[in-house]
2 protein chains.
Amino acid sequence: MKYSKQRELIQNTVLENRIHPTADDVYNMLKPIHTNLSLGTVYRNLNTLVENGTIIKISMPNGSDRYDGDLSKHDHMVCDQCGKVFDIKTEGLLNIVQKIENTTDFEVRDYQLMIHGLCHNCKESKG
Amino acid sequence: MKYSKQRELIQNTVLENRIHPTADDVYNMLKPIHTNLSLGTVYRNLNTLVENGTIIKISMPNGSDRYDGDLSKHDHMVCDQCGKVFDIKTEGLLNIVQKIENTTDFEVRDYQLMIHGLCHNCKESKG
DNA sequence: TCAATATTAATAACGGTTACTGTTATTAAT
DNA sequence: ATTAATAACAGTAACCGTTATTAATATTGA
């Protein structure tokens, strides 16, 4: 499938900036150069890219959804102070989820672990 | 601390109805009898109760936050079809989280596992 | 070239939640 | 009991993130 100019820009922004950007982040990164880009276009294309399986969406407990170009199964830690999101590899989690599936009659399709706390920097700057 | 009539009603509704109600659920359960209850009051008191540690809030990826009177550490499965939320005990998850904390310089304050899929009923009614 | 289709920019609308405002209830001290 | 201070309320407006609408522009295929 052929992509529009805008969709390519949006896709590349997510893939090249591994900071788990929000839709607004993507918009603000592109807007200065692509001055007539619309926020609606960003949202629409991010959704399309998620449906395509090109990127994934991370639902954040408080605040905007974030997007991630890393398609490998992984989870996230979020710093409650600065809001930064960090990738984590959670060895063993799949086993736990499978055990739950085996004992509950629930058909698991996906799962996410979200860890909250303080990142290295914010821990230090608190003394 | 002494609670207002409304706050007691709201607290009891969450504690007695273990269906992980949304703010709107709580409102709709109380409104028929307490006809001049305000939705804003429900939100405000739910937040207060969460701050007090009387109930917990469950952030749902799509849709409204839900509230839970079960204070024991546990996680949730949500059915993508009917939206029902189920409690799960996740033995071993704490170990995984602790291992991450030990290897990452991140100070963990809390964590949640959310499983998505199909519940027993919805699995059956799909054939 | 032209019509059919897709995508866009701009903006309005939406759903969930929070903030504001004027009023009512509760508390503590006289 | 009366009053003054505080807290909580109902009602409603505002907010924020997101989605839907619309008219215009770009792309595709005959």
Side-chain angles (χ1 to χ4, degrees), chain A residues 1-14 19-52 54-68 76 78 80 83-85 112 114, chain B residues 1-14 19-52 54-68 76 78 80 83 85 114:
Chain A
M1 66 195 71
K2 180 76 167 13
Y3 276 13
S4 70
K5 180 89 185 301
Q6 290 88 339
R7 185 168 305 167
E8 266 184 24
L9 286 168
I10 291 161
Q11 172 174 338
N12 290 339
T13 302
V14 175
I19 59 166
H20 314 89
T22 65
D24 212 55
D25 289 339
V26 172
Y27 177 72
N28 287 324
M29 285 191 257
L30 292 172
K31 187 68 174 175
I33 296 144
H34 308 276
T35 50
N36 55 356
L37 177 68
S38 179
L39 183 57
T41 299
V42 174
Y43 273 104
R44 182 166 26 77
N45 282 296
L46 286 171
N47 284 338
T48 304
L49 291 166
V50 169
E51 280 159 28
N52 287 352
T54 309
I55 62 175
I56 59 171
K57 183 193 279 196
I58 314 167
S59 287
M60 302 299 292
N62 296 313
S64 310
D65 294 342
R66 290 162 168 274
Y67 298 87
D68 192 342
H76 298 95
V78 57
D80 292 330
K84 274 212 199 78
V85 174
Q112 299 87 30
M114 179 68 73
Chain B
M1 66 196 73
K2 180 80 167 10
Y3 275 15
S4 71
K5 182 90 185 301
Q6 290 89 339
R7 185 169 305 168
E8 267 184 22
L9 287 168
I10 291 162
Q11 171 174 338
N12 290 339
T13 302
V14 175
I19 57 164
H20 313 90
T22 64
D24 212 56
D25 290 338
V26 172
Y27 177 72
N28 288 323
M29 285 192 257
L30 292 172
K31 187 68 173 174
I33 295 143
H34 308 276
T35 51
N36 55 355
L37 176 69
S38 179
L39 182 57
T41 299
V42 174
Y43 273 104
R44 182 165 27 78
N45 281 296
L46 285 172
N47 284 338
T48 305
L49 291 165
V50 169
E51 279 159 28
N52 287 350
T54 309
I55 63 176
I56 59 171
K57 182 194 281 197
I58 314 169
S59 287
M60 303 299 291
N62 297 313
S64 309
D65 292 343
R66 290 162 168 274
Y67 297 87
D68 192 342
H76 298 95
V78 57
D80 291 330
V85 174
M114 177 68 73

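Residue numbers start from 1 in every chain, and the chains themselves are labelled A, B, ... in the order their sequence lines are given, proteins ahead of strands.
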Task: Flag for B:Thr48-B:Asn45: side-chain donor and acceptor within less than 3.5 Å - done: no
Between atom [atom1] in [X] and atom [atom2] in [N], what is the gap in whole Å?
X	N	atom1	atom2	result
B:Leu37	C:dT24	CG	P	17 Å
B:Tyr27	C:dG16	OH	C1'	14 Å
B:Glu8	D:dA7	CD	C1'	16 Å
B:Glu51	D:dA8	CD	C1'	15 Å
B:Asn52	D:dA8	CG	P	10 Å
B:Met60	C:dT17	CE	P	12 Å
A:Lys5	C:dA6	NZ	C1'	17 Å
B:Asn36	D:dT12	CG	P	13 Å

Does [N] have its OP1 or OP2 closer than 4.0 Å to a side-chain nitrogen or oxygen of [X]?
X	N	result
B:Asn47	C:dT18	yes
B:Arg44	D:dC9	yes
B:Asn45	D:dC9	yes
A:Ser4	C:dT8	yes
B:Ser64	C:dG16	yes

Open item on the list: Need the pair for C:dT30. Rule: Watson-Crick or G-U wobble, both distances under 3.5 Å, any strand; none if unpaired.
Closed with: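 Because both required distances fall under 3.5 Å, C:dT30 counts as paired with D:dA1.
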Task: Any strand: nucleotide that pairs with D:dA7 via Watson-Crick or wobble, under 3.5 Å - done: C:dT24
- [ ] For the side chain of B:Lys31, starting at C-beta, report the closest nucleotide among D:dG11, C:dA9, D:dA8.
- [x]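 Nearest listed nucleotide: D:dG11.
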TODO: Among C:dT8, C:dT17, D:dT18, find the nucleotide with the atom closest to the side chain of A:Tyr43.
DONE: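 In terms of side-chain proximity for A:Tyr43, the closest of C:dT8, C:dT17, D:dT18 is D:dT18.
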Open item on the list: Judged by each residue's nearest nucleotide on DNA chain D, which is more toward the 5′ side, B:Gly40 or B:Gln6?
Closed with: B:Gln6
TODO: Would you indicate whether the side-chain heavy atoms of A:Leu49 and A:Val14 approach each other to under 4.5 Å?
DONE: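 No, every pair of side-chain atoms sits at 4.5 Å or beyond.
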- [ ] Assess whether atom CG of A:Asn62 is packed by more than 12 heavy atoms of other residues, nucleotides or ligands within 6.0 Å.
- [x]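 It does not: A:Asn62 CG has 12 such atoms or fewer within range.
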Task: Interatomic spacing from CD1 in A:Ile10 to CG in A:Leu37 - rounded to 0.5 Å - done: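 If I round to the nearest 0.5 Å, the distance is 5.5 Å.
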Open item on the list: Here's a test for you: under side chain to side chain contact (heavy atoms under 4.5 Å, CB included), which of B:Ile58, B:Asp65, B:Val78 qualifies with B:His20?
Closed with: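 That would be B:Ile58.
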- [ ] Determine the contact category for B:Asp24: base if any of its heavy atoms lies under 4.0 Å from a base atom, sugar-phosphate if only primed atoms, P, OP1 or OP2 are that close, otherwise nothing.
- [x]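 The answer is nothing, as B:Asp24 stays clear of every strand by at least 4.0 Å.
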